[in-house]
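The following block contains the structure, expressed as structure tokens.
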Amino acid sequence: MRMESLSDLLKSRGAPQEPSEVVAAKRYVFEHFGAPSSVTLQPNALVITVASASLANTLRLQTPKIQAACGTDKRLVFRIG
């Protein structure tokens, strides 16, 4: 029986896939505002973290559009970080 090294096991595993809601939220923020964001998926919410308060407040006003772009009815939480 051949033992595989840890690096071989990790290579064969492949990269983890982000949920489509997370990808869509990041894409929306980048395409509309040109800003990077971090998105965390929780059971009943999407937490979107951006660098500035003004961007977070602008996104807050666009909550329905972001939910439609993500195809979700989860609550959106905006954080500054």
Atom pair OG1 (T63) and CD1 (I48), whose distance is rounded to the nearest 0.5 Å: 8.0 Å
Non-hydrogen atoms of K65 and Y28 that approach each other most closely: CB-OH, 3.7 Å
Criterion side chain to side chain contact (heavy atoms under 4.5 Å, CB included) against V39, the qualifying member of T49, V50, L46: L46
S37 OG to R27 CZ distance, which is reported to the nearest 0.5 Å: 11.5 Å
Pairwise distance CG(L59) to CZ(R79) - rounded to 0.5 angstrom: 14.5 Å
Which atom of V29 lies closest to which atom of A35, heavy atoms considered: CG1-O, 3.5 Å
Nearest-0.5 Å distance that lies between atom CD1 in I66 and atom CZ in R60: 10.0 Å
Spacing of CD belonging to Q62 relative to CG belonging to L76, to within rounding of 0.5 Å: 11.5 Å
Heavy-atom closest contact (A51 atom, I80 atom, distance): O-CG2, 3.7 Å
Non-hydrogen atoms of A24 and A69 that approach each other most closely: CB-O, 3.7 Å
In one Ile/Leu/Val/Met/Phe/Trp/Tyr side-chain cluster, 4.5 Å: V22, F78: yes
Nearest atoms (heavy-atom pairs only) where K74 meets Q67: O-NE2, 2.8 Å
Straight-line distance of K26 NZ to E18 CD, nearest 0.5 Å: 3.5 Å
